[in-house]
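Below is one structure, written out as C-alpha cells; the observations come after it.
Protein chains get the first letters and strands the later ones, always in sequence-line order, with residue 1 at the start of each.
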Protein chains: 2
Amino acid sequence: MAQRVQNLRRAPTSVAMASALALSGRRWAFRIVWELRVGPLSFRALQAACGTISPSVLQHRLHGLRDLGIVERIPRLGYRLTASGERLFHVLAALNKWSAELTKELH
Amino acid sequence: MAQRVQNLRRAPTSVAMASALALSGRRWAFRIVWELRVGPLSFRALQAACGTISPSVLQHRLHGLRDLGIVERIPRLGYRLTASGERLFHVLAALNKWSAELTKELH
DNA sequence: CATCCATGCTACGTTTTTGATAGCGCTGAT
DNA sequence: ATCAGCGCTATCAAAAACGTAGCATGGATG
C-alpha cells in the first residue's frame, strides 16, 4: 500500500486524471453529484439543493455529467447517479470526511 | 459501514463539505494539490506541471490553498503540501483510481 | 373544456473568473 | 557586471457563471 502510493507520486498525471480534475474544476460539478446521493432529484429540486446555482449552469453541468455517464435522466423522476456516479459519490464521501477534519483543525 | 453511508446520504450537506466542494469547483485547485504530491515545487515548476495555467490564477489559487492550510511556502524550496494537503492527496488518489475505471468503462 | 400549477429548460444582459502575454524586481552564480 | 532563473504583478481579452424572466409542456382540478 505504501509502495503503491509512492508509485502514484512518481507517475505523471494521466489523461484520465487530468480530465477528472478538469471536471472537478467546473463550478457545481461535484456538488451536483453530492446532492444526488440521496436518490433521484428533479431539475428544480436539484437546483434548490445546490442553493444558488443558476438554471443555465445546472443544465450545462447535467449535460456534461450525462456525457460522462455519471448522471442519467429518468423520465418523471428527474436525474440520478449511474453506477459510475455512485462510485464517484464514494470518493466524495472521502472528501466529506477530509473537510470535517480540516475545519475541526482550523479551530 | 453500509449504515454509515446511509447516514451520509440522509444528512444535509455540511458547511465544511460545501466549502470543500466550492474549493474543488475552482479551476486548477485540485490539480495544483495533485501536482504537489511529488514534493515541493517552485512557482514556475508548478506552473509547468499544470501545463497551461496562467501565473495570475496560480498565484490566486496558492493564496487560497495557503489560507486553508493545505499548502505552505518554504523559502528556497517553493510550495509543498501540509499535513492536511497530504490527506487531501489521498482523497485525490481515490479520484485517480475512479478516473481510471471510468475511462476503461467508456471503451 | 378551461384553469391552474409545477416542471424542464432557454434567453439575455451583467458580473466574475480565467486566460495570455509582457515584464518588473530580486537573488545567486559565473 | 552580466546573466539566468525566480516569484510575482499588470493589463487586457475571452470565457464562464450569474440573475432574472419567461416559454412550452403535461398533468391535475374545477
So, is A:Trp28 close to the D:dA16 phosphate, meaning a side-chain N or O under 4.0 Å from OP1 or OP2? no

When all nucleic acid strands are considered with a 4.0 Å heavy-atom cut-off, which category describes A:Arg44: base, sugar-phosphate, or nothing? base

Consider the side chain of B:Arg73, meaning its heavy atoms from C-beta on, and name the nucleotide among D:dG7, C:dT27, C:dC9 that approaches it most closely. D:dG7

Does B:Arg66 come within less than 4.0 Å of B:Glu72, counting only side-chain N to carboxylate O? no

Between B:Ser42 and D:dG7, is there a side-chain N or O to OP1/OP2 distance below 4.0 Å? yes

Give the rounded distance in Å between these two atoms: CZ of B:Arg61 and P of C:dG19. 8 Å

Donor-acceptor contact below 3.5 Å, side chain A:Arg61 vs main chain A:Leu58: no

Have a look at A:Thr52 and say if it touches a base, only the backbone sugar-phosphate, or nothing, with a 4.0 Å heavy-atom cut-off. sugar-phosphate

Mind checking if B:Ser54 touches a base, just sugar-phosphate, or nothing, with heavy atoms under 4.0 Å? base

In terms of side-chain heavy atoms of B:Arg26, which of C:dT18, C:dA20, D:dA16 is nearest? C:dT18

Which sits closer to the 5' end of DNA chain D, A:Arg76 or A:Val57, going by the nucleotide each is nearest to? A:Val57

Less than 4.0 angstrom between a side-chain N/O of A:Tyr79 and OP1 or OP2 of C:dT7, yes or no? no

Spacing of A:His63 atom NE2 relative to D:dA16 atom P, expressed in whole Å: 16 Å

Just checking, A:Arg31 and A:Trp28: is the charged tip under 6.0 Å from the six-membered ring centre and within 45° of the axis? no

Nearest whole angstrom, please: distance from the C1' of D:dG7 to the CG of B:Leu46. 12 Å

Looking only at side-chain N and O atoms, does B:Gln59 come under 4.0 Å of OP1 or OP2 in D:dT9? yes

Just how far, in rounded Å, is P of C:dG8 from CG of A:Leu62? 10 Å

Quick one: do B:Arg80 and B:Glu35 satisfy salt bridge (Lys or Arg N to Asp or Glu O under 4.0 Å)? Show the steps, please. CA-CA 10 Å; B:Arg80 78 167 172 204; B:Glu35 296 301 339; over 6 Å; no

Using atom CD1 of A:Ile74 as one end and atom C1' of C:dT7 as the other, report the distance to the nearest whole Å. 17 Å

Short side-chain N/O contact to C:dG19 OP1/OP2 from B:Arg27, under 4.0 Å: yes

When rounded to whole Å, the CG to C1' distance for the pair A:Leu77 and C:dG8 reads 14 Å

Choosing from D:dC6, D:dC18, D:dG27, which nucleotide comes nearest the side chain of A:Ile53? D:dC18

Give a yes or no on whether the backbone of B:Asn7 and the side-chain of B:Arg10 come within a donor-acceptor separation of less than 3.5 Å. no

Judged by each residue's nearest nucleotide on DNA chain C, which is more toward the 5′ side, B:His60 or A:Pro55? A:Pro55

Between A:Gly25 and A:Ser56, which residue's closest nucleotide on DNA chain C lies nearer the 5′ terminus? A:Ser56

